[in-house]
Each structure stands twice: as C-alpha cells, then as structure tokens.
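Every chain is numbered from 1, with letters handed out A, B, ... down the list of sequences.
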There are 2 protein chains.
Amino acid sequence: MKNRLRVLRAEHGWSQQALADKLGVSRQSVNAIETGKYDPSLPLAFRISECFGLPIEDIFLREEPSS
Amino acid sequence: MKNRLRVLRAEHGWSQQALADKLGVSRQSVNAIETGKYDPSLPLAFRISECFGLPIEDIFLREEPSS
DNA sequence: CTTTTATGTAAAGCAAGATTGACTATCATC
DNA sequence: GATGATAGTCAATCTTGCTTTACATAAAAG
C-alpha cells in the first residue's frame, strides 16, 4: 500500500509529531507509515481519514490491483 | 469498529468459505471479522471493499466518533 | 558555535491481526 | 439415520502494528 500522507501533512503544515498527537500515536508510527514500513490498522486509517477530511481511498492506494 | 460484512455476504449469497477464497484469507478470518473478534488489516479491508464494490466507509463503521 | 526543531532509523517488547487444525452444532437432503 | 455444507469457536502459532528509548543527521535560529 502506498499513501499520500507525507504530501497531505505538508499541505497542512504539520510536523510528524503534530500529526501523531492528533492521531494519538507515536511520531515513529507516523514516520513508519509515511516511509512505507507498514500499513496502519483500519481504526487508525479511519482516524487519518478524518484528520484530513478525505475518504480512505483518497489517502491510501492499492498497489496490487486484482490481477 | 462494526461492519456490515454478514449482511453484504448474505446479499451476494456467498458462504464464509467462498468469500474467504475470494479474499485470500481463511474461513476463520472471515468469521472472526463478521463476529467482531477483530478488525481486518487495511489491505484486507481494501480487498473486501473491492469484493463488494463499495467504499470502505460503507462497509466498516466507526464507533468512536471524534468526541 | 550552540541550541532547537524536524526527521530517519534501530532494538526490544507488547498487543492485535491472521493463520491452521480440530471439534461442535445445525440444517437440508438423500 | 447417514452425509454433506455451513457456521461458531477454541488452542496454538506466527506476523505485523505500535510502543518506548535511544541515537544520528540536517537545517534553522539564537
């Protein structure tokens, strides 16, 4: 899964720490998700979606289309 | 997180096993998600979304609205 | 030059997602 | 009554999301 987190965060002028606080996770979690180390849980994805006022599908992008 | 998986699956006339096969997970995973034992990972949520042709937000519902 | 802020990354550990295998109950049908 | 399909659940196991702590770098500010 790729994501547009870094771009969106920059657009809002938020630091990783600031976003992490809004989401209730650690800064390292935000960084890890941005750098693609792993995907967020579904509940966290919903919180991110809410944070940017965008549907999940506009933030996270499938890489492996169905065949 | 609540979800409408059971209803949607019934509407399509699919067994848990059939849906599991489509999703590439075990029948027990489908059952566990339906009975609310845990939430699916984000990639799996995307596959489910794709399977039913509905956005994630129409299948999974937040229980804890932002205060 | 020193301090602060933002970021990258790594180790270690806990919690949650997800697996397989097995056993059970129910219902339909042969 | 036996058989097969569906579904609920438990135990054991493995993977992954997320944590804290810590250290390193670069840029900006004092």
Leu8(B) side chain near Leu54(B) side chain, heavy-atom distance below 4.5 Å = yes
Heavy-atom closest contact (Phe60(B) atom, Phe46(A) atom, distance) = O-CZ, 3.5 Å
Figure out the CD/C1' separation between Glu34(B) and dG17(C), and round it to whole Å.
-> 17 Å
Identify which one of Leu23(B), Val25(B), Leu44(B), Leu19(B) satisfies the side chain to side chain contact (heavy atoms under 4.5 Å, CB included) criterion when paired with Ile33(B).
-> Leu44(B)
For the pair made of CZ in Phe60(B) and P in dG17(C), what is the distance, rounded to whole Å?
-> 12 Å
Do Gln28(B) and dG21(C) have a side chain to base donor-acceptor pair shorter than 3.5 Å?
-> yes
More 5' along DNA chain C: Asp39(B) or Arg27(B), using each one's nearest nucleotide?
-> Asp39(B)
Here the gap from His12(B) atom NE2 to Cys51(B) atom SG, rounded to the nearest 0.5 Å, amounts to 8.0 Å
Side-chain heavy-atom pair Thr35(A), Arg6(A) within 4.5 angstrom cut-off = yes
Between Met1(A) (CE) and dG17(C) (C1'), how many Å, whole number?
-> 16 Å
Backbone N or O of Pro43(B) within a donor-acceptor pair of the Asp39(A) side chain at under 3.5 Å?
-> no
Counting only side-chain N and O atoms of Ser41(A), is one of them less than 4.0 Å from OP1 or OP2 of dA16(C)?
-> no
Within-4.5 Å side-chain heavy-atom neighbours: Arg47(B) and Lys22(B) | no
Starting at atom CD1 of Ile48(B), determine the distance to atom P of dG17(C), rounded to an integer number of angstrom.
-> 13 Å
Separation between CG of Asn31(A) and NZ of Lys37(A), rounded to the nearest 0.5 Å = 8.0 Å
To the nearest angstrom, the OH-P distance between Tyr38(A) and dT9(C) comes to 13 Å
Using only side-chain N and O atoms of Lys37(A), determine if any of them is under 4.0 Å from OP1 or OP2 of dG8(C).
-> no
Outermost DNA chain D nucleotides near chain A [under 4.0 Å, heavy atoms] = dG17(D) to dA22(D)
Kindly compute the distance separating CD (Gln16(B)) from CD (Gln28(B)), expressed to the nearest 0.5 Å.
-> 9.0 Å
Within residues 12-20 of chain B, residues whose heavy atoms come under 4.0 Å of DNA chain C | none
